[in-house]
There are 2 protein chains.
Amino acid sequence: MKNTRNTIAKSAILELIKNSEVALSHAEIQKMNQELCDRVTIYRVLDRLVAEDVIHKIATPDGTIKYAACHHHDNHHHTHNHVHFSCEKCHSVTCLDSVEPSFNVPKNYLVKQVNFTLSGLCPDCI
Amino acid sequence: MKNTRNTIAKSAILELIKNSEVALSHAEIQKMNQELCDRVTIYRVLDRLVAEDVIHKIATPDGTIKYAACHHHDNHHHTHNHVHFSCEKCHSVTCLDSVEPSFNVPKNYLVKQVNFTLSGLCPDCI
DNA sequence: TTTTTAAATGCAACAAAGTTGCGTTTTATT
DNA sequence: AATAAAACGCAACTTTGTTGCATTTAAAAA
Ligand SMILES: [Mn+2]
Ligand SMILES: [Mn+2]
Ligand SMILES: [Zn+2]
Ligand SMILES: [Zn+2]
């Protein structure tokens, strides 16, 4: 992988994501960031953090992309095959690391990743 | 529900979606349609077809929204809780109606819909 | 069939989201 | 301290999605 550097913007954005209970979108990060760095830099930092496997992308049912910190259970390879919950009302997106769905892998398809999202009402909105 | 009408644009767009093996995005429909109707009309027709429960939306892992025809198994209520497959290479999105995942619904959450997407390589790209 | 009414459309204008190129700044190695 | 390239800001651009409004059109009513 290409050499990456630690910058103020990168650290700040990663902290925002790590400290957040819910996954954050680019727009949300931008609002929380305001004067820290340019809009474009946020896009580039997010891409870098994803490439470095420090955060992961979550596509919500309405097509919004959100970002959440990865929880490395062991030191080596980890997957993002856990379930996410997207609240219809407050639009929060949460990782449900404990929920592990089971399914039959269809023949003729090579499954590399799974992206499971439940939607409805979160505990705060129920 | 509000009265809806059958128009040339609506019929044509629905045919495109019904005849397609894979789910289609707004952009793809627009290209296939070219001179049939305005860009904005496509957005409005898609919204209408979703509201009428004739097609359903699928959010792909990269945030693109695609549309696929609903398969009503019985005459009455039906769900969209089946799995979708998104190909990394050709970006095709397919409904895998037969795959039925099982999982434990987390406490304190009210689950209304599930959106399960597998990604990797489709049979054509394997 | 003709009239009527509201749904649907096209168009223009706008807003939001994401991308690209490039000159400048900054990180981290030498 | 000097160096190299990663990262940045900024401007310009493309793509995607939304809104208002005058006009057209589908379908119900007369
Ligand atoms: Mn997650
Ligand atoms: Mn489907
Ligand atoms: Zn909520
Ligand atoms: Zn494919």
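Lettering follows sequence order; numbering is per chain, from 1. What you see is a predicted model; the values in this text were computed from it and never measured.
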How does each nucleotide of nucleotides 19-30 of chain C score, in 5' to 3' order, for protein heavy atoms under 4.0 Å: base (B), sugar-phosphate only (S), or none (-)? BBB----BBS--

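To the nearest angstrom, C1' of C/dG10 lies 12 Å from CG of B/L36. In this structure, NE2 of A/H26 is placed 11 Å from C1' of C/dA16, rounded to the nearest angstrom. The distance from atom CD1 of B/I29 to atom P of D/dT16 is 13 Å, rounded to the nearest whole Å. Protein atom CD1 of A/I42 is 14 Å distant from nucleotide atom C1' of D/dC10, rounded to whole Å. When rounded to the nearest whole Å, the span between NZ of A/K10 and P of D/dA6 equals 13 Å. C/dA17 atom P lies 17 Å from atom CG of B/D62, rounded to whole Å. If you measure from atom CG of B/L46 to atom C1' of C/dT9, you get 15 Å, rounded to the nearest angstrom. One can place CG of A/D38 at 15 Å from P of C/dG18, the figure rounded to the nearest angstrom.
Residue pairs meeting the salt bridge (Lys or Arg N to Asp or Glu O under 4.0 Å) criterion with at least one partner in residues 104-122 of chain B, sequence neighbours excluded, are A/E88-B/K112.
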List the atom pairs, donor and acceptor, that lie under 3.5 Å between side-chain atoms in residues 58-66 of chain A and the rest of the protein, sequence neighbours left out.
from  : atom 1 : to    : atom 2 : distance (Å)
A/T60 : OG1    : A/D62 : OD1    : 2.4
A/T60 : OG1    : A/T64 : N      : 3.2
A/T60 : OG1    : A/T64 : O      : 3.1
A/D62 : OD1    : A/T64 : OG1    : 3.3
A/D62 : OD2    : A/T64 : OG1    : 3.0
A/K66 : NZ     : A/E28 : OE2    : 3.2
A/K66 : NZ     : A/H91 : O      : 3.0

Considering only distance and modelled atom types, tabulate donor-acceptor pairs under 3.5 Å from the side chains of residues 10-22 of chain B, sequence neighbours left out.
from  : atom 1 : to    : atom 2 : distance (Å)
B/K10 : NZ     : B/N6  : OD1    : 3.4
B/K10 : NZ     : B/E52 : OE1    : 3.2
B/K10 : NZ     : B/E52 : OE2    : 3.2
B/S11 : OG     : B/T7  : O      : 2.9
B/N19 : ND2    : B/E15 : O      : 3.2
B/S20 : OG     : B/V22 : N      : 3.2
B/S20 : OG     : B/V22 : O      : 2.6

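Put simply, the side chain of A/V83 reaches to within 4.5 Å of the side chain of A/L118, judged on heavy atoms.
Residues satisfying the side chain to side chain donor-acceptor pair (under 3.5 Å) criterion with A/K31, sequence neighbours excluded, are absent altogether. Taking the ring-ring contact (aromatic ring centres under 6.0 Å, His included) definition, one finds that B/Y67 meets it with nothing, sequence neighbours left out.
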